[in-house]
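To keep things clear, I will list the structure first and then write my remarks on it.
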Amino acid sequence: MSRPVVCIVGRPNVGKSTLFNKLAGRRISITEDTPGITRDRIYAEGEWLNNYYTIIDTGGLDPRSDDIFMSNIRKQVQVAIDTADIILFVVDGLEGITQTDIEIANLLRKSGKPILLVVNKIDTKKELIHFYDFFELGFENINYISAEASLGIGDLLDEIIKNFPKDSDPITYKDAIRVAFIGRPNSGKSSLVNYILGEERNIVTDIPGTTRDAIDSYFEYKDDKFILVDTAGLRKKKYIDEKIERYSVIRTLTTIDRSDVCVLVIDGTIGITEQDSKIAGYAHDNGKAMIIAVNKWDIVQKDDKSYKEYEKSIRETLGFIQYAPILFISAKTGKRVDKLLDTINLVYLNYIKRISTGKLNDIINEAVLMNQPPSDKGKRGKIYYATQVSVKPPRFVIFVNYKELIHFSYARYLENQIRLNCDFTGTPIILEFREKG
Ligand code: GDP
Ligand code: GDP
């Protein structure tokens, strides 16, 4: 479910980005034509012994800033304190303690977050001479590593995992649909949350996070249970220091990570912006179900053709999420907000849908009859059988004789055939081709 967030802080040149690259083992896959924010190497997924986490290098946050040195670092530390479940405070073991280290330590100590002090650049034992000096910084948990030579990384990861927060989700929330409202500032996300929670819903409960200050809201509507992820961030305005643009990006990314269904809230008076595309690209890359809500429809100038035209232009701009339904709503008047909740539920059911191996193979066989897999240099592509291996999103493994013969366009054809025969509105589906001798 919710992945713990690990933030790296420290003054420049101590080795933060080197460490980040070691911990960011698994690259998030990026579809070629998807605008993804994940390309910026400040945010990535990591895994250690089947424990998954998100890793953030706060040092990469604002590299072009003209801010004076210390105020810049102070901001980065604040981002870490607000976002992280665990903070890695990196210092330079060759240089020893500096005044800046002491100032960072003072800021971190007040945060109450678990902090692992990481003494870097200990490439050999003889560099340990300064190690004991670092106890002066007042942290109990001290580790030494060489990020460059990959020494001590395993032990550090063991420590990180030991400090993971215990899952805060009480059992009763287990089958609730986790929804995130995403989109650029001022598109109306807060208004939407307030409208939904302000209407008479069965129960509205705040679910505080363990260490992070993300507060989610639980409510029931008809027979369905919903959790609005990171509601506090939306309800408490100006919570985010808007000057650090990347900070709000990170906040959005962690919110997306923790959700099942993402509702991309568009300002209908403006249309899709570059920022909206990036955010949608990230949700898509991470296999989230998605809905596009064109908000402020109450004040958009419209005639009979408006819906169709608007829809067409969205489909053109956000070509990679053709599966997302589009709704025209108003968070102000509440128009079609109930329809939005119904759609979230429908999309979620598709997100967790399983189709039987029998039915799936009927669809694939039929598709192959109509359009054979490509051949190349005397090799004939052949599909043996397919099976669904998981949900959230639905993932299918298709066994073939030669993987390289299944080009993107043929894979797309098969996906379309599956979608024609089975309703997967709102969810990405993933086809994975495997060779079988
Ligand atoms: P950042 O500014 O904190 O992100 O630091 P970088 O990761 O860019 O590293 C700063 C410099 O320290 C680079 O020249 C790295 O090659 C070097 N460095 C990083 N880790 C180690 C290490 O474990 N040992 C040594 N000797 N040098 C390192
Ligand atoms: P957020 O930054 O995405 O959370 O956006 P807000 O909810 O703060 O909304 C930004 C502005 O748009 C506020 O002035 C809202 O009152 C206004 N707004 C939000 N939704 C609607 C809507 O459906 N119709 C109209 N007319 N204004 C809206």
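For ligands, and for the atoms within them, numbers begin at 1 and follow the listed sequence.
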Looking at atom 14 (O) of ligand 1, tell me if a protein heavy atom falls under 4.0 Å from it.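 Given the 4.0 Å cut-off, atom 14 (O) of ligand 1 does not count as touching protein heavy atoms.
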List the closest protein heavy-atom neighbour of [atom]: residue, atom name, distance to the nearest 0.1 Å.
atom: atom 20 (N) of ligand 1; value: Asn120 ND2, 3.1 Å
atom: atom 7 (O) of ligand 1; value: Thr18 OG1, 2.5 Å
atom: atom 5 (O) of ligand 1; value: Gly15 N, 3.0 Å
atom: atom 2 (O) of ligand 1; value: Asn13 N, 2.7 Å
atom: atom 4 (O) of ligand 1; value: Ser17 N, 2.8 Å
atom: atom 16 (O) of ligand 1; value: Glu148 OE2, 2.4 Å

Is it the case that ligand 1 has an N or O less than 3.5 angstrom from some N or O of Ala147?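 Yes, at least one N or O pair falls under 3.5 Å.
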Where's the contact between Asp123 and ligand 1, heavy-atom distance under 4.0 Å: side chain, backbone, both or neither?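 It is the side chain that touches ligand 1; the backbone stays farther off.
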For ligand 1, note which part of Val90 has a heavy atom under 4.0 Å away: side chain, backbone, both or neither.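 Neither part.
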Could you establish whether Pro12 and ligand 1 come within less than 4.0 Å of each other, counting only heavy atoms on the residue side?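 It does, in that a heavy atom of Pro12 comes within the 4.0 Å cut-off of ligand 1.
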Give the atoms of ligand 2, by number and element, whose distance to some non-hydrogen atom of [X] is under 4.0 Å.
X: Ile299; answer: 26 (N)
X: Asn186; answer: 1 (P), 2 (O), 3 (O), 5 (O), 10 (C)
X: Pro185; answer: 2 (O)

Is there a side-chain contact between [X] and [Y], using heavy atoms and a 4.5 Å cut-off?
X: Ile160; Y: Trp48; value: no
X: Phe328; Y: Lys302; value: no
X: Lys335; Y: Asp298; value: no

Rounded to the nearest 0.5 Å, how far does [atom2] of [Y] lie from [atom1] of [X]?
X: Arg3; Y: Tyr53; atom1: CZ; atom2: OH; answer: 11.0 Å
X: Leu116; Y: Asn141; atom1: CG; atom2: CG; answer: 4.5 Å
X: Ile256; Y: Arg178; atom1: CD1; atom2: CZ; answer: 14.0 Å

So, [X] versus [Y]: side-chain donor-acceptor pair below 3.5 Å or not?
X: Tyr323; Y: His284; value: yes
X: Asp257; Y: Tyr282; value: yes
X: Glu103; Y: Thr100; value: no
X: Lys22; Y: Ser150; value: yes
X: Asn194; Y: Ser191; value: no

Are Tyr310 and Tyr307 close enough that their ring centres sit under 6.0 Å apart?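 Ring centroids of Tyr310 and Tyr307 are no less than 6.0 Å from each other.
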For atom 12 (O) of ligand 2, which candidate among Arg184, Lys296, Lys335 provides the closest heavy atom?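 Looking at heavy atoms only, the winner is Lys296.
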Could you check which of Lys121, Arg11, Lys22 puts a non-hydrogen atom nearest to atom 11 (C) of ligand 1?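 That would be Lys121.
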For Gln322, does the CD atom sit with more than 12 other heavy atoms under 6.0 Å from it, leaving out its own atoms?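 Atom CD in Gln322 is crowded, with more than 12 foreign heavy atoms closer than 6.0 Å.
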Using a 4.0 Å heavy-atom threshold (strictly under), name the region of Asp298 that reaches ligand 2: side chain, backbone, both or neither.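 Contact part for Asp298 vs ligand 2: side chain (C-beta onward).
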How does Ser191 reach ligand 2, by side chain, by backbone, by both or by neither, if only non-hydrogen atoms under 4.0 Å count?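 The part of Ser191 near ligand 2 is both the backbone and the side chain.
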Should you measure from each heavy atom of Lys16, which atoms of ligand 1 turn up under 4.0 Å away?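 That gives atoms 1 (P), 2 (O), 3 (O), 4 (O), 5 (O), 7 (O) of ligand 1.
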Going by distance only, is there an N or O of Ala331 that falls short of 3.5 Å from an N or O of ligand 2?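 N/O-N/O distance below 3.5 Å exists for this pair.
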Using distance alone, decide if ligand 2 has a nitrogen or oxygen within less than 3.5 Å of any nitrogen or oxygen in Trp297.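 No; the residue has no nitrogen or oxygen that sits under 3.5 Å from a nitrogen or oxygen of the ligand.
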